[in-house]
J.: 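One structure follows; several queries about it will come next.
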Amino acid sequence: MVIRKGNPEDMKAVLELIQELADFEKEPDAVVVTAEDLIRDGFGKTPLFHVFVAEVESELTDGKQGKQIVGIALYYYRYSTWKGKTIHLEDLVVKDKMRGTGVGYALYSEIIKQGQKDKVRRIEWNVLDWNTPAIAFYEKSGARVLDDWRVAQMDEAAINYFVENKLK
């Protein structure tokens with residue numbers, strides 16, 4: 001297995017893993033981002049995200065041996081008024097058939113090493129309360145899973161409603 005920085009050519013495989021995560025999280029129709037969006041947003045003049053990929057040698061669909069991306073860790077930088085520069089780990093995804101093989105740990109470790117290299121003061125992410133294997137994995141690594149914070153979001157429809165109806 002090789003862990004490396006992702007490149008534009010990887011974005012089709014990255015998108016497939018994002019969709020696999022959405023399916024796992026019972027939101028199969030939630031993904032609207034495209035591979036073209038990922039290429040534009042991750043590899044332009046000012047990238048909005050960075051991604052590590054886990055690549056293994058495996059049999060491809062045509063029966064030949066080749067490299068296959070089996071996991072991703074997609075992250076971006078944030079700024080905390082209390083801590084300064086932080087990393088937000090948006091998604092850590094491992095193909096279902098590769099879970100339990102060390103791929104997730106290798107990607108997670110790469111994010112933590114990146115945080116240390118960049119001298120961030122915090123790395124943060126979200127985990128669903130029913131995903132007990134993930135919670136146990138994170139807690140075993142020394143991470144704290146906070147019970148007293150709630151995630152607040154405003155989707156595109158709510159943004160439009162607010163701007164069109166609340167700002168008048």
J.: A quick test of your reading: do over 12 heavy atoms of other residues, nucleotides or ligands sit less than 6.0 Å from NZ of K5?
T.: yes

J.: Do V51 and M11 come within less than 4.5 Å of each other through their side chains, counting heavy atoms only?
T.: yes

J.: Side chain of Q19, backbone of P28: donor and acceptor closer than 3.5 Å?
T.: yes

J.: Do I69 and M98 land in one hydrophobic cluster if side-chain heavy atoms of ILVMFWY residues count as linked below 4.5 Å?
T.: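 Different hydrophobic clusters.
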
J.: Got a sec, which residues hit ring-ring contact (aromatic ring centres under 6.0 Å, His included) with W149, two or more places apart in sequence or on another chain?
T.: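 Residues passing ring-ring contact (aromatic ring centres under 6.0 Å, His included) with W149: none at all.
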
J.: Set out, in order, the CA-CA distance, both residues' side-chain angles and the distance that settles side-chain contact (heavy atoms from CB on, under 4.5 Å) for W125 and E90, then state yes or no.
T.: CA-CA 6 Å; W125 59 94; E90 180 65 20; over 6 Å; no

J.: Hey, any chance V70 and V93 share a hydrophobic cluster, counting ILVMFWY side chains that come within less than 4.5 Å of each other, even indirectly?
T.: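 No, V70 does not connect to V93 through the hydrophobic network.
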
J.: Under 6.0 Å between ring centres: does that hold for W130 and F24?
T.: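 Yes, close enough.
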
J.: Parallel, tilted or perpendicular: which describes the rings of F52 and Y75, with under 30° parallel and over 60° perpendicular?
T.: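 F52 and Y75: parallel rings.
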
J.: Which heavy-atom pair separates A73 from L92 by the least distance, and what is that distance?
T.: CB-CD1, 4.0 Å

J.: Tell me, with the steps shown, if Q114 and D118 meet side chain to side chain donor-acceptor pair (under 3.5 Å).
T.: CA-CA 6 Å; Q114 185 70 43; D118 294 339; 3.0 Å; yes

J.: What distance separates K95 NZ from E16 CD, expressed to the nearest 0.5 Å?
T.: 6.0 Å

J.: How far does CZ of F43 sit from CD of E9, to the nearest 0.5 angstrom?
T.: 8.5 Å

J.: Please report the closest heavy-atom contact between V163 and L167, naming both atoms and the distance.
T.: O-CB, 3.6 Å

J.: Hey, what do you get for CD1 (I111) to NE2 (H88), rounding to the nearest 0.5 Å?
T.: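 Atom-to-atom, I111:CD1 and H88:NE2 are 10.5 Å apart.
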
J.: Mark yes or no for whether R121, through its side chain, and K85, through its backbone, hold a donor-acceptor pair below 3.5 Å.
T.: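 Side chain of R121 to backbone of K85, a donor-acceptor pair under 3.5 Å: no, none is there.
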
J.: Would the distance check show the side chain of D155 and the main-chain N or O of A157 forming a donor-acceptor pair, the cut-off being under 3.5 Å?
T.: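 Present.
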
J.: Should the pair E124-R78 be classified as a salt bridge under the 4.0 Å nitrogen-to-oxygen rule?
T.: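 Salt bridge present between E124 and R78.
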
J.: Salt-bridged, E36 to R40, with N to O below 4.0 Å?
T.: no

J.: Does one hydrophobic cluster hold both L48 and L17, with members joined at side-chain heavy-atom distances below 4.5 Å?
T.: no

J.: Parallel under 30°, tilted from 30 to 60°, perpendicular over 60°: which one fits the rings of H50 and Y77?
T.: perpendicular

J.: What closest approach, in Å, do V127 and A134 show between heavy atoms, and which atom pair accounts for it?
T.: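 Looking at all heavy atoms of both residues, the closest pair is CG2-CB, 3.8 Å.
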
J.: To check you understand the geometry: which heavy-atom pair defines the closest contact between A54 and V103, and what is its length?
T.: CB-CG1, 3.6 Å

J.: Any donor and acceptor pair, going by atom type alone, linking the side chain of D10 with main-chain N or O of N7 inside 3.5 Å?
T.: yes

J.: More than 12 foreign heavy atoms under 6.0 Å from CD of Q116: is that the case here?
T.: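 At most 12 heavy atoms, drawn from other residues, nucleotides or ligands, come within 6.0 Å of this atom.
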
J.: Please tell me whether V31 and F49 are part of a single hydrophobic cluster in this structure, the criterion being side-chain heavy atoms less than 4.5 Å apart.
T.: yes

J.: For M1 versus G102, what's the shortest heavy-atom pair and its separation?
T.: CE-O, 4.1 Å

J.: Please find the pair of heavy atoms, one from T86 and one from S80, that lie closest to each other, and give the distance.
T.: CG2-CB, 3.9 Å

J.: Measure the CD1-CD1 distance between I72 and I18 for me, rounded to the nearest 0.5 Å.
T.: 5.0 Å

J.: Begin from the C-alpha positions of E55 and R4 and carry the test side-chain contact (heavy atoms from CB on, under 4.5 Å) through to its verdict.
T.: CA-CA 8 Å; E55 194 173 58; R4 63 173 175 78; 2.9 Å; yes

J.: How many angstroms lie between atom NZ of K166 and atom CD of E164, to the nearest 0.5 angstrom?
T.: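 Reported value, rounded in 0.5 Å steps: 12.5 Å.
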
J.: Could you check whether the rings of Y138 and Y108 sit parallel, tilted or perpendicular, using 30° and 60° as the cut-offs?
T.: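 The rings of Y138 and Y108 sit tilted, inter-plane angle from 30° to 60°.
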
J.: Hydrophobic clustering (ILVMFWY, side-chain heavy atoms < 4.5 Å, transitive) - are I87 and V145 grouped together?
T.: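 Both belong to a single hydrophobic cluster.
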
J.: To the nearest 0.5 Å, tell me how far L107 CG sits from I3 CD1.
T.: 4.0 Å

J.: Any sub-3.5 Å donor-acceptor pair from E20's side-chain atoms to D96's backbone N or O?
T.: yes

